[in-house]
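Beneath this line is the structure, given in structure tokens, with notes to follow.
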Amino acid sequence: MTTYIPSLTLPSFLFSSPAAAILFPVACGTAVGFSISPSDTQRQYRTLKQPPLHPPGYVFGPVWTALYATMGYTAYRAWTTGATSINPETVALAKQGATLYTVQLALNLIWTPLYFSLHQPIAATADILALGGTVGYLAYIWGQVDPVCGWLLAPYLGWLGFATYLCVGSGVLNNWDFKQTPSKKK
């Protein structure tokens with residue numbers, strides 16, 4: 001069980017403003033995506049052996065943008081619902097969720113560098129497993145603040161399940177070694 005930890009939690013203005021709550025994770029995800037050359041990640045994605053049902057690389061940007069926006073809206077909704085509640089338990093759950101949200105966002109944002117830049121599929125797999133557990137617990141906590149918030153995180157959990165399959169599948173198919181994958185010519 002976690003608790004509200006102010007030093008590990010994003011500032012409250014990132015939860016209380018709908019625009020900030022939505023734009024912050026979208027901007028962070030975009031920044032991480034572009035900090036690693038998109039053409040390099042696309043090339044590496046095409047070069048690695050992938051498990052069945054893997055989508056084309058161009059699917060990931062729009063899906064993640066929608067998921068980041070939805071998680072941001074969920075953060076705003078849970079925070080404002082909790083902050084305006086007269087029930088101290090609901091207030092505590094909203095704050096606890098804010099800490100979990102911050103942790104899950106950090107786990108989410110480090111996955112891409114682990115997988116693509118550092119070529120560490122084992123670390124990326126450990127990260128995405130921790131991320132899935134954290135988001136599942138966050139859905140449970142914020143679902144108690146507002147049931148809609150729990151359901152809003154369901155697509156994110158579903159996509160994380162699929163992303164975990166892709167991460168583990170590519171790790172297994174490439175012998176957990178992304179440094180030795182041959183480069184395809186452009």
Side-chain angles (χ1 to χ4, degrees), residues 1-2 5 8-10 24-72 74-75 96-143 150-184:
M1 178 155 158
T2 61
I5 305 169
L8 289 179
T9 306
L10 292 168
F24 184 73
V26 171
C28 289
T30 302
V32 168
F34 280 102
S35 70
I36 303 163
S37 169
S39 62
D40 288 347
T41 59
Q42 289 286 329
R43 186 170 41 258
Q44 183 179 348
Y45 181 75
R46 288 189 309 268
T47 302
L48 290 170
K49 294 175 190 171
Q50 297 290 338
L53 304 177
H54 69 279
Y58 64 80
V59 167
F60 292 97
V63 168
W64 276 112
T65 300
L67 292 171
Y68 283 130
T70 302
M71 78 171 72
T74 304
Q96 177 184 355
T99 298
L100 286 168
Y101 176 83
T102 303
V103 170
Q104 74 79 30
L105 186 58
L107 287 169
N108 183 306
L109 295 173
I110 64 172
W111 184 88
T112 300
L114 285 173
Y115 188 89
F116 288 108
S117 291
L118 300 174
H119 309 287
Q120 297 293 320
I122 294 172
T125 298
D127 176 78
I128 203 164
L129 289 169
L131 175 58
T134 303
V135 173
Y137 189 48
L138 176 60
Y140 170 73
I141 294 298
W142 273 352
W151 287 109
L152 282 170
L153 291 173
Y156 183 26
L157 278 169
W159 185 259
L160 285 175
F162 182 60
T164 301
Y165 158 75
L166 294 174
C167 184
V168 172
S170 64
V172 168
L173 292 172
N174 293 281
N175 297 316
W176 298 102
D177 184 4
F178 289 2
K179 293 178 185 170
Q180 301 302 317
T181 56
S183 296
K184 284 187 180 175

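Other residues, nucleotides and ligands place more than 12 heavy atoms under 6.0 Å from the CZ atom of F162. Enclosure of atom CH2 in W151 is not indicated, since only 12 or fewer non-hydrogen atoms of other residues, nucleotides or ligands lie within 6.0 angstrom.
Once rounded to the nearest 0.5 Å, the distance linking CG of N174 with CG of D177 reads 8.5 Å. For the atom pair L138 CG and Q104 CD, the distance stands at 6.0 Å (nearest 0.5 Å). The CG atom of L153 sits 10.0 Å away from atom CG of L160, with the distance rounded to the nearest 0.5 Å. For the atom pair OG1 (T99) and CD1 (I141), the distance works out to 11.0 Å, reported to the nearest 0.5 Å. Atom CD of Q44 and atom CD of Q42 lie 11.0 Å apart (nearest 0.5 Å). Once rounded to the nearest 0.5 Å, the distance linking CD1 of I5 with OG1 of T102 reads 10.0 Å.
Nearest heavy-atom pair across C167 and P121 is SG-O, 4.3 Å. In plain terms, the two heavy atoms of L173 and P51 that are nearest each other are CD1-N, 3.5 Å. The shortest heavy-atom contact between T65 and G61 is OG1-O, 2.8 Å. Listed here is the closest heavy atom pair of A139 and L157: CB-CD1, 4.2 Å. Closest of all the heavy-atom pairs between W142 and A98 is CZ2-N, 3.6 Å. When all heavy atoms of L109 and V32 are compared, the pair lying nearest together is O-CG1, 3.6 Å.
Within the 4.5 Å cutoff, the side chain of V135 has no heavy atoms near those of the M71 side chain. Looking at heavy atoms from C-beta onward, Y156 lies out of side-chain contact with T74 at the 4.5 angstrom threshold. Under the 4.5 Å side-chain criterion, counting only non-hydrogen atoms from C-beta, W64 is in contact with W159. Looking only at side-chain heavy atoms (C-beta outward), C28 and Y68 stay at 4.5 Å or farther from each other. Residues P55 and Y45 are in side-chain contact: their nearest non-hydrogen atoms beyond the backbone lie under 4.5 Å apart.
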Margin query: Between T134 and L100, is the side chain to side chain contact (heavy atoms under 4.5 Å, CB included) condition met? List the steps.
Written below: CA-CA 7 Å; T134 303; L100 286 168; 4.2 Å; yes
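Ring-centre distance between W111 and Y115: below the 6.0 Å cut-off.
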